[in-house]
Amino acid sequence: MMSLCLTAGAAPPPVSYGVETDIYHPVRAEHGMVATVDALATQVGVDILKQGGNAVDAAVAVGYALAVTHPQAGNLGGGGFMLLRTKDGKTTAIDFREMAPEKASRDMFLDQQGNADSKKSLTSPLASGTPGTVAGFSLALEKYGTMPLNKVIQPAFKLAREGYIVNEALADDLKQYGSEVLPSHENSRAIFWKKDGSLLQKGDRLIQANLAKSLELIAENGPDAFYKGPIADQIAEEMAKSGGLISKADLANYKAVERKPISGEYRGYEVYSMPPPSSGGIHIVQILNILENFDLAKYGFGSADAMQLVAEAEKYAYADRSEYLGDPDFVKVPWQALTSKAYAKSLAEKIDVNKARPSSDIKPGRLAPYESNQTTHFSVVDKDGNAVAVTYTLNTNFGSGIVAGNTGILMNNQMDDFSAKPGVPNVYGLVGGDANAVGPHKRPLSSMSPTIVVKDGKTWLVTGSPGGSRIITTVLQMVINTIDFGMNVAEATNAPRFHHQWLLDELRVEKGFSPDTLKLLGEKGQKVVVKEAMGSTQSIMIAPDGKLYGASDPRTVEDLTEGY
Ligand code: GLY
């Protein structure tokens, strides 16, 4: 007999915005706020807000700036998602995910023996989908911004042309990841290696003259410069020369799409997040719906019982992800069933707070018939209360490592997010099936989850994170840490994280949980593994009086505190 602890409707603790006696303190502001992974890009966004731009203007400026200052994931050659909520309470999602080229085919990442070949999907010219970032930013700016494109691109152009001093985070990532993917490509070496043959170090100035030229072309001629003009020519030429598939027609046909966000309700809060082709929104809402059946607050943060319940809920969600999620323009994603309270209750009833269910015993559910820290996230709120959450990426750090011709633009390796072969894990260990098979013009399934939580009809929390498969659980923990455990936004950010994605059957935890807790989880049957940090959230919370509280994740190497 399982010992169920189902409770419904437990009152959440009082909301915390941070008081002097707290351990971690949010950044505070009155008018507007920008949270990004990079100090230069944050400043770009704040400057745009101070010049009278709204949150969308600032977000687009930040997105272009990060393509210069955070080349690990900031991009023009990749794609992503924007979730925005206007001051009038309209919530909408902009999908600028990459699309598979016309010539893409189901088995393109298999070797001659029929095995998935990750080199092809990660570091070859075949790894790139048709980029969406430039189209997505233009759609957002035209429909919801107030400033012209050339104005919001200007700061990025200046950073590329005049250069900036390489910080520790970039120097470390270039050494750790860049030196694996970049050096074999002449155009990439020319950017990140110095004339004496050594890699850029902290303190060196990085000037990107070619990228500055591309930014100037987009500023002058709009997205057509990228999709139909000189930049498109260079990308298509690079692909044709090196064996990639993206053609001029693929670029000319690319479209960013506005979609209806996934929404749910959790303990009285409204939760909005990204719909397919991201899996993030559906599974965050699904897991929250399951957890609503338990009194997490009673167990407390970091307790083995609370972690057990969350981990078990995550297993069911990731099992469903493997079966049902894909590009909604090609497959029917049963989002209503997956996010229904009734389905969540049926899953909650299978969860035992005392005993982990092995992943091998969990299969994707039967639904009702009606139907690396390698990414980057930023959040912006303006003085009127418009809120924007953007997660975009090249996929893994520095993408495929290929810079197209003399554009200075690094290309993504997002094709690895497709399921190369059913049941074979991708770089994040995620498995998939038919719904996420490679196909022409399809968008690969994502976990990116820009998320906005609404309290009493007002935007309350704007958040998101990089982290591949861990994005969903990282964002989930921002929601439960604030709502269930009453943490302020900085505490919720700093708290140690954990993650279960069904396959592998392991409960991955960060350092910081007590050995007793981990022992208890082991006794429940969880296979606990302590691994490196997960996620890098950038979050803003808005108090009912309009005051802003923000927190950037400390998990990324920072250069804000200097020493010598
Ligand atoms: N490339 C990681 C994701 O989209 O989830």
Side-chain angles (χ1 to χ4, degrees), residues 37 63 66 70-75 77-83 93-100 109 118 121-123 126-133 136 177 181 256-257 259 262 273-284 314 317-318 321-322 325-328 333 372-378 389-401 410-420 425-432 435-436 438 442-451 463-476 499 501-503 534-537:
V37 75
L66 284 169
H70 187 65
Q72 298 96 311
N75 67 80
F81 304 114
M82 177 184 284
L83 186 75
I94 295 178
D95 164 7
F96 53 99
R97 182 74 162 162
E98 298 87 336
M99 285 172 78
F109 296 120
S118 64
S121 59
L122 284 169
T123 53
L126 294 172
S128 300
T130 308
T133 295
Y177 306 103
V181 293
V257 188
R259 299 189 190 274
I262 291 293
S273 191
M274 200 63 211
S278 176
S279 57
I282 286 180
H283 295 305
I284 286 171
E314 289 172 355
Y318 278 83
R321 183 189 191 280
S322 74
L325 271 283
D327 182 344
V333 179
S372 103
N373 299 335
Q374 296 128 322
T375 293
T376 193
H377 176 86
F378 53 95
V390 177
T391 316
Y392 78 148
T393 188
L394 292 165
N395 192 23
T396 57
N397 277 309
F398 308 101
S400 68
L410 268 167
M411 297 298 291
N412 67 82
N413 56 359
Q414 214 73 252
M415 295 289 283
D416 189 70
D417 275 352
F418 280 117
S419 171
N426 73 358
V427 70
Y428 303 109
L430 290 167
V431 292
N436 191 32
V438 189
K442 250 180 122 176
R443 295 173 194 235
L445 184 59
S446 172
S447 300
M448 292 189 281
S449 313
T451 295
T463 190
S465 179
S469 58
R470 280 98 56 198
I471 293 174
I472 295 171
T473 53
T474 297
V475 174
L476 173 88
H499 167 82
Q501 64 178 55
W502 175 52
L503 299 176
M534 290 178 268
S536 176
T537 53

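Remember, predicted model here, so these are calculated numbers, not experimental data. One-based numbering, in listed order, for ligands and for the atoms of each.
Distances below 4.0 Å separate heavy atoms of M448 from the following atoms of ligand 1: 4 (O), 5 (O). Atom numbering of ligand 1 starts at 1 in the shown order; those under 4.0 Å from a heavy atom of R97 are 4 (O).
Side-chain N/O atoms of S465 and T537 include no donor and acceptor closer than 3.5 Å. In this model, no donor atom of one side chain and acceptor atom of the other lie less than 3.5 Å apart for N412 and Y392. A donor-acceptor contact under 3.5 angstrom links the side chains of S469 and Q501, judged on distance only. With no hydrogens or angles considered, a side-chain donor-acceptor pair links D416 and S121 at under 3.5 Å. Residues S447 and R321 bring a donor and an acceptor atom of their side chains to less than 3.5 Å of each other.
Closest to atom 3 (C) of ligand 1 by heavy atom, among D417, N412, L430, is D417.
On a distance-only criterion, N395 and ligand 1 share at least one N/O pair closer than 3.5 Å.
Outside the 6.0 Å centre-distance limit, the rings of F378 and H70 are not counted as a close aromatic pair.
Closest to atom 4 (O) of ligand 1 among all protein heavy atoms lies S446 OG, 2.6 Å. The protein heavy atom nearest to atom 5 (O) of ligand 1 is S447 N, 2.7 Å.
Residue contacts with ligand 1 for E98 are absent, since no atom lies close enough (heavy atoms, distance under 4.0 Å).
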